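Just so it is clear: chains get the letters A, B, ... in the order the sequence lines come, proteins before strands, and each one is counted from 1. In this text the structure is predicted, and so the values were computed from the model without any measurement.
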2 protein chains.
Amino acid sequence: MVKRTSFEGDACPIARSLEAIGDWWSLLIIREALFGVRRFGEFQNKLGMAKNILSARLRSLVDHGILETAPASDGSAYSEYLLTPKGRGTFPILVALRQWSEEFDEHPEEIATILVDREKGRPVKKLEMRAEDGRLLSPADTTLKPRPASRRRSA
Amino acid sequence: MVKRTSFEGDACPIARSLEAIGDWWSLLIIREALFGVRRFGEFQNKLGMAKNILSARLRSLVDHGILETAPASDGSAYSEYLLTPKGRGTFPILVALRQWSEEFDEHPEEIATILVDREKGRPVKKLEMRAEDGRLLSPADTTLKPRPASRRRSA
DNA sequence: CTTGTGTGGTTGCATCATAAAACCAAATGG
DNA sequence: CCATTTGGTTTTATGATGCAACCACACAAG
């Protein structure tokens, strides 16, 4: 089989997240969902993608627990696609991608929008990584350790 | 043409970043590079991917200014692939992906490693988004504004 | 100089995923 | 009821992926 390699069993959390949202469209669908988009046709209009792959992606996102289908919410008998807490938890990923573009894009003048603090209308600061005690950490200040064995179940 | 849709001209910074690193392998290559991997064969061994697509991905990453080829560095006459500043700038994206897995993965016990503060050996805190004045921001505290027109060129 | 071996790729298929468009059924809407 | 919109599925063509085979070069031994 030449099957597209799956990262499902991989022990790396980055690979595991890519398994769920590492394709071309998923993060854009999530972006729209965070903006309040819920309906199939609305996703299709905003993203301009083919309906068959939108259908496949939505199903995949539901399977991964990122979206869930709700029966109605406004009058019509159609169903909607809503973000789960896991889905809303992708927000920092989207912010990180956005800030990376804002900082390094070759043509930043083509970027249409900036993320701002709603209260003051000023751009948000770059995402910060901190230690438990609050110290600001750079990449070099971090390292990887093997995950400690779970204590909940001994054998 | 059925060409795989390109986000190159898109005004959304998230789409633009996905254009560069939104495929299955690029972020994993960058992850290895952040770990110090430099050589073709080393990437191939660690990631277990086909050599032709590794070749294509490395070229794409070089074209996007994320990697650069350095002539040698150790004795051998082969070239190496090094991260540029733009490449190292993806670190928060990888951290965000990792933390998302750590928080929401269905089988967290399968995750092998955790990211820790090198000094204390304790897990790093979740990425924080802050306003210019330092206030901690939730997603709901933010909004998008149109990018102000560049002042450098009036017309 | 010749042979051998490892590195760093490219080239050929076979297969999978994606995309566009056609199609279709149920739900509205007049 | 008939027409249109919504929310998809099916069909078909093409691009991307994956494996294996091949190849060029460097380097070392004989």
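Taking atom CZ of residue B:Arg57 and atom C1' of nucleotide C:dT10, one finds them 16 Å apart after rounding to whole Å. Atom CD in B:Glu80 sits about 14 Å away from atom P in C:dT7, given to the nearest Å. Note: NZ (B:Lys51) to P (C:dG12) measures 16 Å, nearest angstrom. One interatomic measurement links the two molecules: CG of A:Leu54 to C1' of D:dT6, which rounds to 13 Å at whole-angstrom precision. Between the P atom of D:dA26 and the CZ atom of B:Phe40 lies a distance of 17 Å, rounded to the nearest Å. Per the geometry, CD1 belonging to B:Ile53 stands 8 Å off P belonging to D:dC19, to the nearest Å. Straight-line distance from the OH atom of B:Tyr78 to the P atom of C:dG9: 9 Å, rounded to whole Å. Here the C1' atom of nucleotide C:dT7 and the CD atom of B:Gln44 are 11 Å apart, to the nearest Å.
Annotation: side chain of B:Arg98 is in contact with side chain of A:Leu144 (closest heavy-atom distance under 4.5 Å). Side-chain contact between A:Glu102 and A:Ile114 is present, with at least one heavy-atom pair separated by less than 4.5 Å. The side-chain heavy atoms of B:Arg31 and A:Cys12, taken from C-beta on, include a pair separated by under 4.5 Å.
Between A:Arg39 and D:dG7 there is a side-chain polar atom (N or O) within less than 4.0 angstrom of OP1 or OP2. Applying the 4.0 Å criterion to OP1 and OP2 of C:dA17, one finds that A:Trp25 has every side-chain N and O outside that range. Applying the 4.0 Å criterion to OP1 and OP2 of C:dT10, one finds that B:Arg59 has a side-chain N or O inside that range. Between C:dG8 and B:Tyr81, no contact under 4.0 Å exists linking OP1 or OP2 to a side-chain N or O. Look at B:Ser55 and you'll find a side-chain N or O under 4.0 angstrom from OP1 or OP2 of C:dT10.
For B:Asn52 against C:dG8, no side-chain N or O and base N or O form a donor-acceptor pair under 3.5 Å.
In this model, a donor atom of one side chain and an acceptor atom of the other lie less than 3.5 Å apart for B:Asp141 and B:Ser138.
In this structure a side-chain-to-backbone donor-acceptor pair under 3.5 Å is missing from B:Thr142 to A:Val116.
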